[in-house]
Amino acid sequence: MIDEELRAGRKALRTVPGGLLLGPTGARLWADYVEAAPGFIGRFDFIHKVNIPLLFTITVNGHACKMETASADWYPSQLRLAYSDDRIGYAETKFITWEDCAVSCQTWTNRSDGELLLQATAPTDFRACGDAGLQGGFDIPFFSFDIDACLVASEPKLLSDGVSLQPGETKTFIVAAALGIRSLDGIEALMSRANRFIQKPASLEETASVQQKEYQRWFDAAPRFKSSDPVLDKTWTYRWFLLRHNMADPRYGLLQHPLFYEGRSHKKGKRPFSKGGWEFSKLINLSVPLHLMDARWHHDPAPSLGALRNMQETPAENGMYCCLMADERMHSFANYIGWAAYRLFLVHRDENAILKALPGLKDQISSWQEVYGNERDGLMTEYRHTRTGKEYQPSYWYFHDYPRNPKDPETYTHVKRVDRTVYHYLNTLGVARLCEAAGDPESVKYLQLAERIKHDVLEKMWDEASAFFYDLHDQTDEKALVKNIVGFYPAWAEMLDERHDGLVAHLLDPKQFATACPYPTVSADSVAYSKEGGWFGFFLKGRNGCMWNGPTWPYTNAITLDALARESKRRGNAYNEAFARGLKEYSFLHFQNRDLNRPGLVEHYNSDTGEPLSDEQEYNHSYYIDLIVSHVAGLSVEDGGLRLEPLDIGLDYFELDHVKAAGQDIRITYGKPGLGRYPDGIEAGYKLYLNGQLVFASDSLAAATLPKNK
């Protein structure tokens, strides 16, 4: 059970003292945070950031209950609170269901000498809805939707006159609020959803157990991984929670299909009924491919395909995929959606989905060439440093000697970017492969274009003297001699040969990228390097602001580790140990103070100390699951069949099970030879099972290719 594996005690926001985190999220409703109080007080959001401060609470003798010292026990599926003083004893389990119901199961004991009156308090405009409950809503002035809500209780008097609690008496009850879009979700439907939790006299324990089981279903359709390393195992589990926590299905406006959000808006302002600040809870095309890399291994491809469909249905005028909110088509970031879509379709062989996706994916390539390309080569010029998602990488200011005011447009140079160009290469290659799968003759055109892009990256961006890939001046092609983390992207795209064998040395050098918390976004020997962000001591975006001139980001750690693994395979397992170290350090970023009992991933970290530099808990802009599948277990699904190529990272054993890919049920096990004793189901050697049958076995970790007929 996911709850048993990730139980975490008290989880709270660093930037909101007393703001407790809630694990479960609905299709549209979620909690930014909840206060330590009965019911749902805090900040609650619907589709996007709306900052509703109150859904309902319980008062005692007309007074609000503030329980700052309450004990808190966080689970992925629910939050449990307990509190007692000389007047009351209180215990609560609260959660939000996928159907957008906020449910509170409460037990109260009167520890005083006098009568206590418990009463539910809702927002002021809520009114009685017959004898069944309360009805109200929230006007949202900055979006095209408003919200309706229905509130019910298993003790109906809680919503009217209140419930009396005599000295020494204990009472239990359930309160539930269902939220929906006004004019689309009818009051009767909302009332029916809320009443589900109070219609039959189930115990509080049973209600909480039902929520656990319903929440667990999504995880039951995910692959399982266990190994001799508890850090990898716990991170694997947490990464599946990360996807589920950020999964959404607005079914409204421009977001008609399910998708994964990049985060749940903790960077946003908290003023009630406001939306100030950057919005993570939307479709951000920069992070979509990272979601797809991990989520493609889930048995249900709906949120992955849904993200593609949302973008396909609302492109920019030039065909480019964009960031989307329910009411707004926004700008477009650099991304590798075409490549990620191809990798998704290798796992979930949906030919109809390929045919639907191809025209839009082709448009991405042509629009990029039109907007970012040039006639001299296949490289992509970035005109705004924010558009690759790596703002303030120093190469944009290299040609002006890193001015103290980087916002001065006179000191900013457009550069041909390594990352955008590598994305363009991968997208082109992905479209070529999808064309081949669909029998589209244009595959040849895209393969030729991909080769041109690769040639120009290797010929122009590679510097033989320093053995690194650099951004280029957009007019002169002069190299901006800044070792950005994106210099490793060509290795990730498997562009390299023996001429580039010196690249990885930079990644392993403690004076460059092998810092105490690897891997910084700029080499530590760069003049503009800052381990905690800021620009030469000036925090121009605040302490928590996005700065790509030194901090460590999970986003690029995932890609860099992927690159390191691929280089290790190319060079005869030369970097297995380095990959193992990097993977372990990346794993520890997922736990506060490296404590496996406190899971939580944020946006970026101090590259020397590992201190979190932001507070977007459960931040979903990286991948990890695919690293385990592809490089630890060694499984790749290819056009022609399955490929096994694991890296030996020093594990005594592992098992990857419950994988469904390319129409096969896949299980891989490994037991280090000579151990003598292995966990149940694991034997000595490296083994692959398809549909329950052993099809490959080796005494040790080994590479193999199994064609489709195997």
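Because the structure is predicted, anything quoted here is derived from the model rather than measured.
Between F333 and H331, the gap from one ring centroid to the other is short of 6.0 Å. Outside the 6.0 Å centre-distance limit, the rings of F513 and H506 are not counted as a close aromatic pair. Remark: aromatic rings of W297 and F225 are distant, center separation not under 6.0 Å. Ring pair Y412/Y396: centre-to-centre distance below 6.0 Å. Ring pair Y586/Y624: centre-to-centre distance below 6.0 Å. Here W535 and W397 bring their ring centres to under 6.0 angstrom of each other.
Electrostatic pairing of K268 and D45 does not count as a salt bridge here, judged by no charged N lying under 4.0 Å from a carboxylate O. Salt-bridge annotation for R7 and D73: present, with a side-chain N of the basic residue lying under 4.0 Å from a carboxylate O of the acidic one.
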Please step through salt bridge (charged side-chain N to carboxylate O under 4.0 Å, His left out) for the pair E262 and K282, ending with a clear verdict.
CA-CA 7 Å; E262 186 173 307; K282 62 186 175 189; over 6 Å; no

Go through the steps for K226 and D233 under the test salt bridge (charged side-chain N to carboxylate O under 4.0 Å, His left out), then give the verdict.
CA-CA 6 Å; K226 67 179 180 181; D233 294 0; over 6 Å; no

As a quick check of understanding, evaluate side-chain hydrogen bond (donor to acceptor under 3.5 Å, both in side chains) for E382 and T388, giving each step before the final call.
CA-CA 8 Å; E382 186 53 73; T388 68; 5.4 Å; no

Steps toward side-chain hydrogen bond (donor to acceptor under 3.5 Å, both in side chains) verdict (Y238, E618)
CA-CA 9 Å; Y238 174 68; E618 275 63 274; 2.6 Å; yes

Evaluation steps, side-chain hydrogen bond (donor to acceptor under 3.5 Å, both in side chains), between Y555 and K390
CA-CA 10 Å; Y555 166 18; K390 303 178 184 70; 3.0 Å; yes

Apply side-chain hydrogen bond (donor to acceptor under 3.5 Å, both in side chains) to the pair T237 and E5, showing each step before the final yes or no.
CA-CA 8 Å; T237 303; E5 295 187 58; 3.0 Å; yes

What verdict does the salt bridge (charged side-chain N to carboxylate O under 4.0 Å, His left out) test give for R417 and D419, after you've listed the backbone C-alpha separation in whole Å, the side-chain angles of each residue and the deciding distance to 0.1 Å?
CA-CA 6 Å; R417 280 286 291 188; D419 51 359; 2.9 Å; yes

Working for salt bridge (charged side-chain N to carboxylate O under 4.0 Å, His left out), residues R28 and D249
CA-CA 6 Å; R28 296 171 294 184; D249 191 8; over 6 Å; no

Checking ring pair (Phe, Tyr, Trp, His ring centres under 6.0 Å) for the pair F241/W74: CA distance, chi angles, key distance, verdict?
CA-CA 13 Å; F241 163 75; W74 181 94; 5.3 Å; yes

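In E577, the CD atom is not crowded: 12 or fewer heavy atoms of neighbouring residues, nucleotides or ligands sit closer than 6.0 Å. Heavy-atom neighbours of K275 NZ from other residues, nucleotides or ligands within 6.0 Å: at or below the threshold of 12.
Checking R244 against T25 by side-chain atom types alone, a donor-acceptor pair falls below 3.5 Å. Using modelled atom types, one finds no donor on one side chain facing an acceptor on the other under 3.5 Å when comparing N549 with S530. Side-chain contact annotation: H590 with R239, donor-acceptor N/O pair under 3.5 Å present. Under 3.5 Å, the side chains of E92 and S104 contain a donor-acceptor pair of N or O atoms. Using modelled atom types, one finds no donor on one side chain facing an acceptor on the other under 3.5 Å when comparing S227 with D229. In the model, Q212 has a side-chain atom that pairs as donor or acceptor with a side-chain atom of D3 under 3.5 Å. E616 and S614 share a donor-acceptor pair across their side chains, judged by distance under 3.5 Å alone.
By the 4.5 Å heavy-atom criterion applied to side chains, D562 and H631 are counted as neighbours. N620 has its side chain within reach of H291: a pair of non-hydrogen atoms, C-beta onward, lies under 4.5 Å apart. Within the 4.5 Å cutoff, the side chain of M311 has heavy atoms near those of the N285 side chain. The shortest side-chain heavy-atom distance between N576 and I649 does not fall under the 4.5 Å cut-off. V522 is listed as a side-chain neighbour of P394, based on a closest heavy-atom distance under 4.5 Å. Annotation: side chain of K11 is not in contact with side chain of R598 (no heavy-atom distance under 4.5 Å).
Stacking of R594 on the aromatic ring of F588 is recorded, both the 6.0 Å distance cut-off and the 45° axial limit being met. For K94 and F40, the positive end sits near the middle of the six-membered ring, less than 6.0 Å away and at most 45° from its axis. A cation-pi contact, defined as under 6.0 Å to the ring centre and within 45° of the axis, is absent between K267 and W278. Under the 6.0 Å distance and 45° angle rule, R80 counts as a cation-pi partner of Y75.
The two residues M293 and Y336 make their nearest non-hydrogen contact at CG-OH, 3.6 Å.
Using bins of under 30°, 30° to 60° and over 60° for the plane-to-plane angle, the ring pair F280/Y619 lands in the perpendicular bin. Between Y470 and F468, the ring planes lie tilted relative to each other; the angle falls in the 30° to 60° range. Under the 30°/60° scheme for interplanar angles, the aromatic rings of H298 and W240 are found to be tilted. Classification of the F536-Y402 ring pair by plane angle, with boundaries at 30° and 60°, yields tilted.
For the pairing with D220, the side-chain hydrogen bond (donor to acceptor under 3.5 Å, both in side chains) check across R224, R217, Q216 returns one residue only, Q216. Checked against D32 for a salt bridge (Lys or Arg N to Asp or Glu O under 4.0 Å), the options R271, R264, K49 give a single hit: K49. Only one option out of T421, L481, V415 pairs with D471 in a side chain to side chain contact (heavy atoms under 4.5 Å, CB included); it is V415.
Distance check: W553 CH2 to Y605 OH gives 11.5 Å after rounding to the nearest 0.5 Å. Atoms OG and OH, from S71 and Y83 in turn, are 11.5 Å apart once rounded to the nearest 0.5 Å. Rounding to the nearest 0.5 Å places CG of L324 at 9.0 Å from CG of L259. Summarising the geometry, atom OH belonging to Y423 is positioned 9.5 Å from atom CG belonging to L426; distances are rounded to the nearest 0.5 Å.
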